[in-house]
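The block underneath contains the structure these notes are about, expressed in structure tokens.
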Amino acid sequence: MNVALQQKEKLQGVIREALLRAQSRGELSLPEIPEIGLEIPRDTSHGDFASNIALVTAKKAKKSPRDVAAIIVGNMEAEGFIEDVQIAGPGFINFFLSNEWLYEILKVIEAQGLAYGNCSHGQGEKILLEFVSANPVGPLNVVNARAAAVGDTLARLFRAVGYTVGTEFYVNDAGNQADIFARSLEARYQQIDNPNYPFPTEGYPGDYVKTLALRLKEEHPNLLELEWDERIAFCKKWGTDQMVEWQKADLANYDVHFDLWFRERELHAAGALEEVIAEFDKKGYLYTNEDALWFRSTDFGDDKDRVIIKSDKTYTYVTADIAYHYDKLKRGYTKLINIWGPDHHGYIGRMKAAIQALGYPADSLEVLILQYVALLRDGQQVKMSKRAGEFITMQDLVDEVGKDAARFFFLIRSPESHLDFDLDLAVEQSNENPVFYVQYAHARISSIMRQAEEAGVTIPTAADVSLECLKEESEIALMKKMAELPEEILIAAVQREPHRIARYALDLASLFHSFYTHCHVLGEQEDVRDARLVLAKCVQIVLKKILHVLGIDAPDQM
RNA sequence: GCGCCUGUAGCUCAGGGGAUAGAGCAUCGGACUUCUAAUCCGAGUGCCGCAGGUUCGAUUCCUGCCAGGCGCGCCA
């Protein structure tokens, strides 16, 4: 139930009738009635709702916008819920409504609870959201942290608007990186007893590999009895398994839980790559050149054709990824959404080509490009290098600023904006971080509720109080803001813009803090007190709801 | 060279075909005997990168240019 939308539709009806009446009276001559735009204006002096219909139709009506507006308003029938209609600015029609519709919001929130703002827009369509998908060769970094926050919140948004969502982390545990990692681990294992044992030149230098080697030695002291190939294969499996567990634990600390950790090696084991190659071959999309097998992806709009089997007879990364995407589609997902870094932008064309070659529409794959995170310390960008083993991990970040602040920091920015993360600021000002501002609003409400109950005051329901007591500016503003939630959630989901919800959270918290300062709840006259208790309770529900969407705790005390 | 992202207040960033372009931080000044001052109230700040075009109206859409970031492998 979307009260704001209902009001809009009612007002659109009022305007449409006025237009038709004006037409029949010959005051206006329009070839057709266009869609009637209505919005909730930022500036409250512009009313509860404003329409630009007169500006849009002025030219076709061959009159000035203000004249058209006057004609429309002159042909409107009086309606009880409309208190005033004004023509303003270049020709806007501003509607001032009685507060009834705002009181209705409170009843709806009370009835729906944390489901308030949800809708069935997605109609159960199956969306698969794949994100992070970092190589299982090291700890997660801050870019992964950004992707995790954005992906997780998008998943929550999609669920809120009625999609069936699966979240997946693709574990690339069968490629070159995993091989190099396995050799690095093996070398560290050897070095425990033989410090001069050579370390691979391209190996992973991080200390965590040494730590891992010690654990490996403890669990498997006789590893060196295996032949080289078997030993490396063991290190690869055991090592990537350890990394996956580590990454899982870090993400759990961050309140991100994937429905499935999809292992690349299982694709290989199941023959999925051969299957997809056979599929391409059958359709004639393959050819051989210079001992390599190529996929003619240019048939589907890619810049160039892509190698599927290298001249050394091994597969490329894309081959396994195509098999993975094929697997997703075969599992019945009709929309695959991947979150990638900007370095993978050039990769979109070949994946869309592959999807089409497999007989699925190009837009069943959607790729969101999340821009990079630059870490700043002492005003300087922190240079990070996996090769040199120098980086700030996601866990470092969470340890420093906390899960809630970290998530909020990533979610407040639009996904396509480059993000400067000032570590000094995040540490120094962690108490001033905007996330606390939002959480504090929630805690304050909890405190009011607690004290009301201690004083023997039962928290009333909307039906039992005089809602017309709610008429202060700060009270009206709160109700209006809450009325916008359903649309905010829908837009954030449809446009893949989770930062809208973080902004909304700040706005709502700000309005509440203002209300808190200007209007007391406890200690007021009983009817006022009860109405405000209902209002505060509703704000609490909405705050809890959006904090949940953001994956941030809603504390009752701070 | 080609492709993608970005360019808005001192800083970090929202917004977006329409009404005086917004927020936080920073700066300055006020507000706690009363539900948590992690709060509130007030004050100043803008060639919305530049130049054209579309439009009744452009900061928003289109084109070109400039600047920064990132890609363009038989790496993943």
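Just so we're on the same page: letters track the sequence lines, and every chain starts at 1.
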Item to check | Base versus backbone protein contacts along nucleotides 70-76 of chain B [heavy-atom cut-off under 4.0 Å; B, S, -] | outcome: SSSSBSB
Item to check | Bracket string, RNA chain B, 5' to 3' - pairs by Watson-Crick or G-U geometry under 3.5 Å, | interstrand | outcome: (((((((..((((....[...)))).(((((.......))))).....(((((..]....))))))))))))....
Applying a 4.0 Å non-hydrogen cut-off, can you work out what [X] is touching in the nucleic acid: base, sugar-phosphate, or nothing?
| X | value |
| --- | --- |
| A/Ala441 | nothing |
| A/Leu55 | base |
| A/Ala50 | base |
| A/Asp507 | nothing |
| A/Arg42 | nothing |
| A/His46 | base |

Checklist entry - Over how many whole Å does the gap from A/Ile501 atom CD1 to B/A14 atom C1' extend? => result 14 Å
Item to check | Distance in angstrom units between A/Asp67 CG and B/C56 C1', rounded | outcome: 14 Å
Item to check | Spacing of CG belonging to A/Leu535 relative to CD belonging to A/Gln540, to within rounding of 0.5 Å | outcome: 11.5 Å
Item to check | Under 3.5 Å donor-acceptor, A/Asp173 side chain and A/Thr240 backbone | outcome: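 Not at all, since once roles are kept as given, no pair shorter than 3.5 Å links the two residues.
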Item to check | Evaluation steps, ring-ring contact (aromatic ring centres under 6.0 Å, His included), between A/Tyr170 and A/Tyr324 | outcome: CA-CA 9 Å; A/Tyr170 178 58; A/Tyr324 175 40; 4.4 Å; yes
Checklist entry - For A/Tyr315 and A/Glu274, does a side-chain donor sit closer than 3.5 Å to a side-chain acceptor? => result yes
Item to check | Residue list, side-chain contact (heavy atoms from CB on, under 4.5 Å) with A/Lys236, at least two apart or on another chain | outcome: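 side-chain contact (heavy atoms from CB on, under 4.5 Å) list for A/Lys236, sorted by chain: A/Ala178, A/Asp179, A/Ala182.
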Checklist entry - Counting just side-chain N and O atoms, does A/Tyr437 come under 4.0 Å of either OP1 or OP2 of B/C40? => result yes
Next on the checklist: Give me the distance, rounded to whole Å, that separates B/U63 from B/U27 when you measure between the P atoms they each carry.
Outcome noted: 43 Å
Item to check | Working for side chain to side chain donor-acceptor pair (under 3.5 Å), residues A/Gln177 and A/Tyr204 | outcome: CA-CA 9 Å; A/Gln177 307 288 346; A/Tyr204 290 93; 2.5 Å; yes
